[in-house]
Amino acid sequence: MKLNKYVTFSSCLLALSLLIGCAKEETTNVQTTSNGTTQSNIAADDVTLNNEFDQFADEALQVISNRKVSIYGASIDTSQITLGVITIYYSGKEADGTKSRSGSDSIHLSMVGGHIVPWGTPGTTASITLGCINSPGYELTFLNGNTSLRLNGTCTLTNVSGGYYQSLVRGDSLVENIQGSMEFTFNDNAASIVYYPFNVNETRSFTKPDSISATTRGNATMEGYTQVANWGEDRFGNTYYACIAANVVQNISIATLSYNPLSGMKNIEGISEPIQCTYGVNSAGNAVTSGTPYGVVINWSNNGGVATAVIPYYY
């Protein structure tokens, strides 16, 4: 494991803080100092984790649908396909040059009687293990700040309806459920590496009006919260539940959009000051209807008042 090569996430906090320093933050009737940096970090981490999770899960779906597909900065090993196993090895920069990936995804396909069940069959599943014996874990280095993220664990894709990813045509759709139990860390260079739990239960729908659009909603109900898409602990050790209040929409065909949401709303609950996140806004916090959005506007209650911050997407 190459953890000693990575900068601590405190560097990432510094970089993010520099970005946030230019962000707009307002408070109304707030009687105590608001910890805007903490709130912004929690919201930014949620975007980062979900974007990266969605990307590797979507790439696995592409490989399941077409074993000859090409993934930039990665190679696909089908030498164990008779056992229903395909492995993606990551070893380079992405197409837009914003980050470099290493490690692997080991994809285990459903088999019956020694034969792979076609993915286009509703109810078909495929499990993904992050890492394999030859290349443990799944690691990303964000090149603009030389900071890193590591994910370990497993998830399962289930075909709810529709056929193959590459076969989408106008008006067609592919719907899948994704459930996973993982852990993450940003502080790779710390004296004692700390991992935090990251769990997912979401449905992703893929459509193709022009480019491929992915729409995500939450599936879980727990601790009194509904439409929970992901939950676990934030980097401060607080238990949280991220509930999708309005479907999160991404354009996943354009590399420069980098999986950053174009629209949607998520409420981060369970923490001392719950956060409402509205995606796809400009630097003033207004919704963007075309082009590339700046980031996300967050709102939270703060001692009887409402605090607001606009934070940029991380790349």
Side-chain angles (χ1 to χ4, degrees), residues 1-3 5-6 48-96 98-121 123-142 148-159 163-167 174 176-185 188 195 198-200 202 204 206 212 214 252 255 258-259:
M1 195 165 70
K2 305 185 291 298
L3 296 179
K5 291 186 179 181
Y6 294 98
T48 302
L49 285 166
N50 282 277
N51 283 10
E52 299 307 328
F53 174 81
D54 289 341
Q55 182 173 347
F56 80 69
D58 289 354
E59 288 171 344
L61 177 60
Q62 292 181 52
V63 172
I64 292 167
S65 299
N66 179 4
R67 299 166 201 166
K68 296 182 179 181
V69 70
S70 176
I71 296 176
Y72 200 96
S75 60
I76 300 168
D77 180 4
T78 59
S79 62
Q80 293 184 300
I81 191 60
T82 57
L83 301 176
V85 179
I86 306 173
T87 303
I88 306 174
Y89 290 100
Y90 295 95
S91 58
K93 292 182 180 180
E94 293 195 338
D96 63 356
T98 57
K99 64 177 181 282
S100 178
R101 297 187 287 178
S102 62
S104 63
D105 298 344
S106 181
I107 306 166
H108 298 258
L109 307 174
S110 292
M111 299 188 69
V112 175
H115 299 283
I116 296 172
V117 179
W119 176 253
T121 305
T124 300
T125 64
S127 64
I128 304 172
T129 299
L130 296 179
C132 65
I133 191 170
N134 297 319
S135 185
Y138 178 80
E139 301 178 3
L140 309 99
T141 300
F142 302 106
S148 63
L149 164 66
R150 181 184 178 92
L151 281 162
N152 299 321
T154 61
C155 65
T156 299
L157 310 183
T158 302
N159 185 321
Y164 296 93
Y165 181 91
Q166 287 86 354
S167 301
L174 167 63
E176 66 171 351
N177 177 251
I178 310 176
Q179 297 186 58
S181 179
M182 291 154 285
E183 61 181 7
F184 73 92
T185 185
D188 292 331
Y195 283 91
F198 175 63
N199 304 286
V200 175
E202 65 183 24
R204 281 174 72 75
F206 302 89
I212 296 180
I252 61 176
S258 304
Y259 267 73

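Just so you know, these numbers come straight off a predicted model, no measurement behind them.
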Review point. Which residues satisfy the salt bridge (charged side-chain N to carboxylate O under 4.0 Å, His left out) test with Glu94, sequence neighbours excluded?
Key: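 Glu94 satisfies salt bridge (charged side-chain N to carboxylate O under 4.0 Å, His left out) with Lys99, Arg101 once adjacent residues are dropped.
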
Give me the atom names and distance for the closest heavy-atom approach of [X] to [Y].
X: Phe56; Y: Met182; result: CZ-SD, 4.3 Å
X: Leu151; Y: Phe184; result: CD2-CB, 3.7 Å
X: Ser106; Y: Gly131; result: CB-O, 3.9 Å
X: Gly137; Y: Asn152; result: CA-OD1, 3.5 Å
X: Glu59; Y: Ile88; result: O-CD1, 4.2 Å
X: Ala57; Y: Ile178; result: CB-CD1, 4.2 Å

Can you confirm whether [X] sits close enough to [Y] that some side-chain heavy atom of one is under 4.5 Å from a side-chain heavy atom of the other?
X: Ile107; Y: Thr87; value: no
X: Thr48; Y: Phe142; value: yes
X: Arg204; Y: Ile252; value: yes
X: Leu174; Y: Tyr164; value: no
X: Glu176; Y: Leu61; value: yes
X: Gln179; Y: Val200; value: no

Side chain [X], main chain [Y], donor-acceptor under 3.5 Å:
X: Thr124; Y: Pro118; result: yes
X: Asn159; Y: Trp119; result: yes
X: Asn177; Y: Glu202; result: yes

Practice prompt. Go through the steps to decide whether Leu149 and Glu52 satisfy the test side-chain contact (heavy atoms from CB on, under 4.5 Å), and finish with yes or no.
Written response: CA-CA 9 Å; Leu149 164 66; Glu52 299 307 328; 3.9 Å; yes

- Message: Rounded at 0.5 Å granularity, tell me how far CD1 in Ile86 sits from CD1 in Ile64.
- Response: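 These two atoms lie 7.0 Å from each other.
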
task: Let me see the working for Thr125 and Ser110 under side-chain hydrogen bond (donor to acceptor under 3.5 Å, both in side chains), right down to the final yes or no.
output: CA-CA 6 Å; Thr125 64; Ser110 292; 2.9 Å; yes

For the residue pair Tyr90 and Tyr138, is the inter-centroid distance of their aromatic rings smaller than 6.0 Å?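 So the answer is yes for these two rings.
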
Item to complete: Classify the side-chain pair Tyr259/Asn50 by whether it contains a donor and acceptor separated by less than 3.5 Å.
Response: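 The answer is no; no qualifying pair exists.
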
query = Picking from Val117, Ile116, Val85, what satisfies side-chain contact (heavy atoms from CB on, under 4.5 Å) with Leu109?
reply =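 Result for side-chain contact (heavy atoms from CB on, under 4.5 Å) with Leu109: Ile116.
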
So, using ring-ring contact (aromatic ring centres under 6.0 Å, His included) as the criterion, who are the partners of Tyr165 when residues are at least two apart?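 Applying ring-ring contact (aromatic ring centres under 6.0 Å, His included) to Tyr165 gives Phe206.
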
